[in-house]
Amino acid sequence: MVSFPSLQHALIFILLGGLGALALDKYTAAVYEHAVILAETTEKPVSPEDALKLMNQNMDVLEDAIQKAAKQGAHIIVTPEDGIYGFFFTRETMYPYLEDIPDPQVNWIPCTDPKRFGPAPVQERLSCLARDNSIYVVANIGDKKPCNDTDPKCPSDGRYQYNTNVVFDSDGKLVARYHKFNLFMEEHQFDSPKEPELVTFDTAFGKFGLFTCFDILFHDPAVALVTQLSVDTILFPTAWMNVLPHLTAIEFHSAWAMAMQVNLLAANTHRLSRNMTGSGIYTPSGSQAYHYDAESENGHLLVAEICSRRSCSPTYLPAINWSLYATTIEQFPETHTFPGIVFHDEFTLSNLTKEAGNLTVCQKTLCCHLSYRMTDQREDELYVLGAFDGFHVAEGDYYLQICTLLKCGSTDPQSCGQSTTTARSHFDFFSLSGTFSTNYVFPEVLLSGIHLAPGGFQVLSDGRLISQNGTSQALLTVTLFGRWYEKDSPPMHIHSITL
Ligand SMILES: *[C@@H]1O[C@H](CO)[C@@H](O)[C@H](O)[C@H]1NC(C)=O
Ligand SMILES: *[C@@H]1O[C@H](CO)[C@@H](O)[C@H](O)[C@H]1NC(C)=O
Ligand SMILES: *[C@@H]1O[C@H](CO)[C@@H](O)[C@H](O)[C@H]1NC(C)=O
Ligand SMILES: *[C@@H]1O[C@H](CO)[C@@H](O)[C@H](O)[C@H]1NC(C)=O
Ligand SMILES: *[C@@H]1O[C@H](CO)[C@@H](O)[C@H](O)[C@H]1NC(C)=O
Ligand SMILES: *[C@@H]1O[C@H](CO)[C@@H](O)[C@H](O)[C@H]1NC(C)=O
């Protein structure tokens with residue numbers, strides 16, 4: 001006679017064995033940069049029917065991208081923040097676009113059971129797109145949750161409105177819901193959840209986590225997902241406004257993936273009038289595919305095969321100590337310095353006066369060391385080494401430590417830090433390092449014309465950002481962008497709220 005428990009044991013064994021066999025070393029990822037169609041009016045509330053009509057127009061475009069991605073074998077596709085309803089809303093005019101999005105634990109396939117939680121036409125359509133094309137679909141929509149006087153934080157209009165990422169698996173089941181925690185300044189139409197949510201889900205092609213846009217600049221939930229929950233891939237819908245020289249989308253997002261040693265699938269909204277462009281499929285080795293288009297008004301699909309586990313990346317480093325090299329060498333001679341404003345922050349700058357050299361620039365506790373060799377020093381271009389150690393207070397409030405090699409706008413020292421998109425000077429060697437107080441430092445290399453340099457530079461485990469052989473195009477900037485999270489005010493706590 002076979003006893004029940006041992007039969008169960010056998011079943012569990014077979015199931016686990018089966019999963020092991022199905023687990024994939026690689027998978028195909030897709031991101032879609034979508035030129036969102038905006039509502040005609042965001043000042044007066046529209047009817048739910050008109051709201052749905054606009055959202056369906058955007059989903060028609062997303063449907064085409066999802067079908068194309070699936071045809072190319074993609075397992076998952078990420079679409080942008082605000083990609084279905086756009087922006088410029090007030091709380092009130094946002095409301096007709098919102099749906100009640102249940103906790104994924106309810107085990108729901110909206111495509112086959114659309115009315116289970118009241119009307120949810122957007123979730124139904126996204127679920128069907130995932131199911132019909134056998135692909136995971138990641139989208140950003142709005143969630144509404146009623147509240148009342150029993151909750152002292154309940155807004156006066158009696159509801160919470162959340163900027164929300166949803167994920168439907170390849171059967172159309174809702175498997176993840178994430179409420180954006182770090183809202184950007186102008187997002188008055190939304191509320192922050194009381195605590196940052198650490199949302200993850202498992203697949204045969206790795207463990208996934210998700211967050212949204214401005215979240216990437218903060219510790220929670222972004223860093224916690226990687227360091228505490230060990231996700232392999234981050235799903236990242238964004239509506240990112242590019243800011244030169246250090247915060248263009250492709251530059252910062254690829255650097256984040258490299259420093260955190262994680263895959264990052266970044267889908268940006270495409271809207272040039274708001275400086276929104278730049279999406280990519282980034283890995284610990286750098287960019288596998290990226291898109292930046294400051295010319296056309298078109299959307300764009302990226303598809304690339306990447307490692308399922310972050311540890312299988314060829315350049316995976318278990319730990320980088322970002323200050324190790326800089327704190328153990330002799331400081332190079334300090335040269336004449338001057339102040340310069342970069343995105344509202346006052347940096348300490350020093351000219352690169354020679355064709356090759358070693359120099360150090362310090363501000364407060366941060367000293368930045370640069371060794372470099374230029375192939376030709378042009379008379380009409382000025383490069384500086386800069387250091388910044390302090391609070392950044394424009395469009396957000398967060399503590400930075402930055403070391404940067406920067407091309408100035410012109411040969412006028414006043415122009416250093418102004419946005420400039422082209423350069424002609426080539427470096428055949430550089431090595432940048434800094435005495436960082438934080439171990440969260442994002443290595444950026446941006447080339448003339450707003451290009452990334454995959455394979456053109458390396459990060460060493462002692463914290464040096466180096467290029468032995470130079471980059472394919474002239475340099476706009478080489479930067480170690482450090483975030484000292486503990487110094488942020490109010491202090492961020494470590495939370496462990498898991499779905
Ligand atoms: C108030 O909100 C709580 C929590 O959402 C809910 O359980 C309760 O039924 C609500 N009360 C009223 C009167 O709506
Ligand atoms: C877009 O970028 C340009 C150049 O950096 C800047 O002058 C302009 O103000 C930006 N536009 C917006 C909407 O931020
Ligand atoms: C990095 O190296 C420095 C110098 O050896 C050391 O003081 C520091 O504790 C190390 N940091 C980490 C995070 O291991
Ligand atoms: C920079 O320093 C290195 C040793 O740290 C030395 O080999 C090199 O010659 C120096 N370069 C210049 C141009 O001074
Ligand atoms: C830096 O270089 C610029 C352009 O050559 C020059 O105008 C300026 O005086 C230099 N500054 C210092 C401090 O050497
Ligand atoms: C640099 O170029 C040399 C000669 O072409 C080559 O041997 C070396 O591997 C290259 N180094 C890197 C880091 O790409």
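Being a predicted model, the structure only gives us computed values, none of them experimental. Remember, it's 1-based here, ligands and their atoms both numbered in the order they're listed.
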- Is a salt bridge present between R274 and E186, judged by a nitrogen-to-oxygen distance below 4.0 Å? yes
Ligand 5 atoms nearer than 4.0 angstrom to some heavy atom of L382 are 2 (O)
(request) Taking only Lys NZ, Arg NE, NH1 and NH2, and the carboxylate oxygens of Asp or Glu, determine whether K194 and D151 approach each other closer than 4.0 Å. (result) yes
Margin query: Over 60° means perpendicular and under 30° means parallel, so tell me whether Y162 and Y160 are parallel, tilted or perpendicular.
Written below: parallel
Within 4.0 Å of some non-hydrogen atom of H336, the atoms of ligand 5 are 13 (C)
- Any salt bridge between R373 and D428, counting N to O under 4.0 Å? yes
Below 4.0 Å from ligand 4: does a non-hydrogen atom of G357 turn up there or not?
yes
A student checking ligand 5 against T411 at a 4.0 Å heavy-atom cut-off should list atoms 3 (C), 4 (C)
Within the 4.0 Å heavy-atom cut-off, what P413 brings close to ligand 5 is side chain
Tightest non-hydrogen contact, residues A304 and I281, listed as N-CD1, 3.6 Å
- Does NZ or CZ of R309 come closer than 6.0 Å to the centre of the six-membered ring of F205, within 45° of the ring's axis? no
(Q) Using a 6.0 Å distance limit plus a 45 degree cone around the ring axis, check whether R464 lies over the aromatic ring of Y325. (A) yes
Q) Any N/O of N358 closer than 3.5 Å to an N/O of ligand 4? A) yes
What short N/O contacts, under 3.5 Å, does ligand 3 make with the protein, listed by atom pair and distance?
residue  : atom   : partner : partner atom : Å
ligand 3 : 2 (O)  : N321    : OD1          : 3.4
ligand 3 : 2 (O)  : N321    : ND2          : 2.3
ligand 3 : 11 (N) : N321    : ND2          : 2.9
ligand 3 : 14 (O) : N321    : ND2          : 3.4

Report task. Could you tell me whether N351 and ligand 5 have an N or O pair separated by under 3.5 Å? Result -> yes
So the disulfide (SG to SG under 2.5 Å) pairs with at least one residue in residues 286-331 (sequence neighbours excluded) are C307-C312
**OP:** Salt-bridge test for R424 and D376: reply yes if a basic N is under 4.0 Å from a carboxylate O, no otherwise.
**Re:** no
